[in-house]
K.L.:
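This structure is in structure tokens; I'll ask about it shortly.
Counting starts at 1 for both ligands and their atoms, following the listed order. Just so you know, these numbers use all the heavy atoms, side chains as well, and skip hydrogens, waters and symmetry mates.
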Amino acid sequence: MPEPGSDLSYEVVGLRPVTPVIVELTLRPRSAALRYTAGQYVLLSDVAGRLPQRSYSIANAPRADGLITILVTRVEGGVLTTWLHERLRPGDEVALEGPYGTFVPVTDRPLLLLAGGSGLAPMRAIAEASLAERPKRPVTLFFSARTARDVIDRRLFADWQRSHETFRYLLTLTREDGAPLRGRIPDLLQGAVGSAAEHEVFIAGSEPFVADCLKAVRSLGADGAQVHTEPFFCEPQPWLSQPGDQPGS
Ligand SMILES: Cc1cc2nc3c(=O)[nH]c(=O)nc-3n(C[C@H](O)[C@H](O)[C@H](O)COP(=O)(O)OP(=O)(O)OC[C@H]3O[C@@H](n4cnc5c(N)ncnc54)[C@H](O)[C@@H]3O)c2cc1C
């Protein structure tokens, strides 16, 4: 059984664009599989170790076959995301290290999950695990996208809402009409959920999104100790193994 932090080899068995800028990778362990808790993340890189490791939240609850999914937003000029979006193909191998992170539920409180863009990844895992393991715990997932083309898994979450009376899915678009809601989560939260005082709250996405949602849940009475945040910040790192090497070459 692999120790946390071990380096593991995974094969790309699925590569699916889910929005114009986000691709979903499905990865199958070549031998040992990561043992993780829904909400945690892994460090991913190429097996040759020529590219930098970057953090990606696992987007599904743990499965018996070890399959994991991740959602990768393309970053303009980004070293690893350019490689993942442009070079990687089904059958290729990637190196994973982990799991890491404490972005995991620790109470029995109702869950309030606020996500923007690929910040949906850990929320999908947490919601899936909660509905399977603690079906009576209420879960509210509030997802924000710019336009209808940026919405991920709308049908899946509508299905979960139909099949689980404890699951509530809220969707807002910030730049066009077409969803039940229009606007930013921080501005809509009070009308949508009222108080946040009784919830265990999770917020993931870009740094500004996380900061704004954090302010909003605090103003709605969230207990600071019950609020978990996962800003998808980036720390640029040296990635060249040799002078003159090109990313992904
Ligand atoms: C705990 C954690 C979990 C994460 N989970 C995910 C996830 O599930 N999905 C996901 O897509 N990303 C996630 N990230 C972000 C991811 O780790 C990388 O930072 C991102 O994919 C960019 O890597 P890169 O090598 O392509 O960009 P780099 O080459 O490192 O950066 C290139 C340029 O883009 C800027 N930049 C980098 N990232 C961003 C960004 N997110 N927004 C705006 N500008 C940026 C940098 O400042 C730099 O100027 C997570 C980050 C953390 C810390």
Side-chain angles (χ1 to χ4, degrees), residues 4-5 10 12 14-27 34 36-62 67-88 94-105 113-129 141 143-146 150-153 174 202-214 227-241 245-249:
Y10 275 66
V12 178
L15 229 162
R16 178 174 76 106
V18 291
T19 78
V21 294
I22 299 178
V23 71
E24 179 179 271
L25 301 184
T26 303
L27 306 172
L34 284 166
Y36 68 95
T37 304
Q40 290 190 296
Y41 68 92
V42 289
L43 293 176
L44 183 151
S45 66
D46 62 320
V47 280
R50 286 160 56 90
L51 296 170
Q53 286 184 313
R54 295 288 187 247
S55 310
Y56 295 99
S57 300
I58 302 172
N60 60 292
L67 221 65
I68 68 167
T69 52
I70 60 171
L71 299 173
V72 181
T73 302
R74 184 172 186 148
V75 170
E76 199 59 40
V79 177
L80 200 74
T81 54
T82 301
W83 178 70
L84 291 172
H85 275 253
E86 288 187 1
R87 300 288 184 96
L88 208 64
V94 293
L96 298 189
E97 187 188 303
Y100 296 113
T102 54
F103 195 70
V104 298
L113 313 176
L114 310 180
S118 52
L120 182 70
M123 308 312 191
R124 195 169 79 184
I126 290 169
E128 187 190 346
L141 170 63
F143 180 61
S144 174
R146 290 179 179 178
D150 300 306
V151 177
I152 306 166
D153 285 343
T174 56
F202 291 79
I203 309 170
S206 69
E207 284 181 294
F209 174 84
V210 171
D212 290 349
C213 287
L214 184 57
V227 181
H228 311 258
T229 58
E230 195 81 292
F232 285 3
F233 69 88
C234 159
E235 289 175 278
Q237 299 164 20
W239 54 267
L240 295 176
S241 55
D245 277 357
Q246 292 302 310
S249 61

K.L.:
Is Asp153 paired with Arg16 through a side-chain N to carboxylate O contact shorter than 4.0 Å?
P.N.:
yes

K.L.:
Measure centre to centre between the rings of Phe103 and Phe202, then say whether the value is under 6.0 Å.
P.N.:
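Yes, ring centres under 6.0 Å apart.
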
K.L.:
Using heavy atoms and a 4.0 Å limit, tell me yes or no: is Ile70 in contact with ligand 1?
P.N.:
no

K.L.:
Report yes if Leu71 has an N/O atom closer than 3.5 Å to an N/O atom of ligand 1; otherwise report no.
P.N.:
yes

K.L.:
Please confirm whether Glu76 comes within less than 3.5 Å of ligand 1 when only nitrogen or oxygen atoms on both sides are compared.
P.N.:
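Min N/O separation from ligand 1 is not below 3.5 Å for Glu76.
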
K.L.:
Answer yes or no: does an N/O atom from Glu230 fall short of 3.5 Å to an N/O atom of ligand 1?
P.N.:
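Looking only at distances, the answer is no, because the N/O contact criterion of under 3.5 Å is not met.
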
K.L.:
Of the choices Pro122, Ala121, Pro208, Ser55, which has the non-hydrogen atom that lies closest to atom 14 (N) of ligand 1?
P.N.:
Ser55

K.L.:
Could you tell me whether Arg146 atom CZ has more than 12 heavy atoms of other residues or ligands within 6.0 Å of it?
P.N.:
no

K.L.:
Atom OG1 in Thr81, atom CG in Leu44: separation rounded to 0.5 Å?
P.N.:
11.5 Å

K.L.:
Do Arg54 side-chain atoms and Leu80 backbone N/O form a donor-acceptor pair below 3.5 Å?
P.N.:
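No; zero donor-acceptor contacts below 3.5 Å.
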
K.L.:
Would you mind listing which atoms of ligand 1 come within a distance below 4.0 Å of any non-hydrogen atom of Gly78?
P.N.:
24 (P), 26 (O), 27 (O), 28 (P), 29 (O), 32 (C)

K.L.:
Which of these, Thr82, Thr81, Val75, has its nearest heavy atom closest to atom 36 (N) of ligand 1?
P.N.:
Val75

K.L.:
Can an N or O of Val79 be found at a distance shorter than 3.5 Å from an N or O of ligand 1?
P.N.:
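Looking only at distances, the answer is yes, because the N/O contact criterion of under 3.5 Å is met.
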
K.L.:
Answer with side chain, backbone, both or neither: which part of Tyr41 has a heavy atom less than 4.0 angstrom from an atom of ligand 1?
P.N.:
side chain

K.L.:
What are the two closest non-hydrogen atoms of Asn60 and Leu67, and how far apart are they?
P.N.:
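Heavy-atom minimum between the residues: ND2-O, 3.1 Å.
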
K.L.:
Decide whether an N or O pair under 3.5 Å exists between Leu80 and ligand 1.
P.N.:
yes

K.L.:
Could you measure the distance from the CG atom of Leu15 to the CG atom of Leu88? Nearest 0.5 Å is fine.
P.N.:
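Taking CG in Leu15 and CG in Leu88, the distance rounds to 5.5 Å.
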
K.L.:
Answer side chain, backbone, both or neither: which part of Ile22 comes under 4.0 Å from ligand 1, heavy atoms only.
P.N.:
neither

K.L.:
Run the side-chain donor-acceptor check on residues 113-120: report pairs under 3.5 Å with partners two or more places apart or on a different chain.
P.N.:
residue, atom, partner, partner atom, Å
Ser118, OG, Thr73, OG1, 2.7

K.L.:
Can you list the atoms of ligand 1 that are under 4.0 Å from a heavy atom of Val72?
P.N.:
11 (O)

K.L.:
Quick one: closest heavy-atom pair of Tyr56 and Leu71, and the distance?
P.N.:
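Heavy-atom minimum between the residues: CD2-O, 4.4 Å.
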
K.L.:
Side chain, backbone, both or neither: which applies to Thr73 and ligand 1 if a contact is any heavy-atom pair less than 4.0 Å apart?
P.N.:
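Contact part for Thr73 vs ligand 1: both backbone and side chain.
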
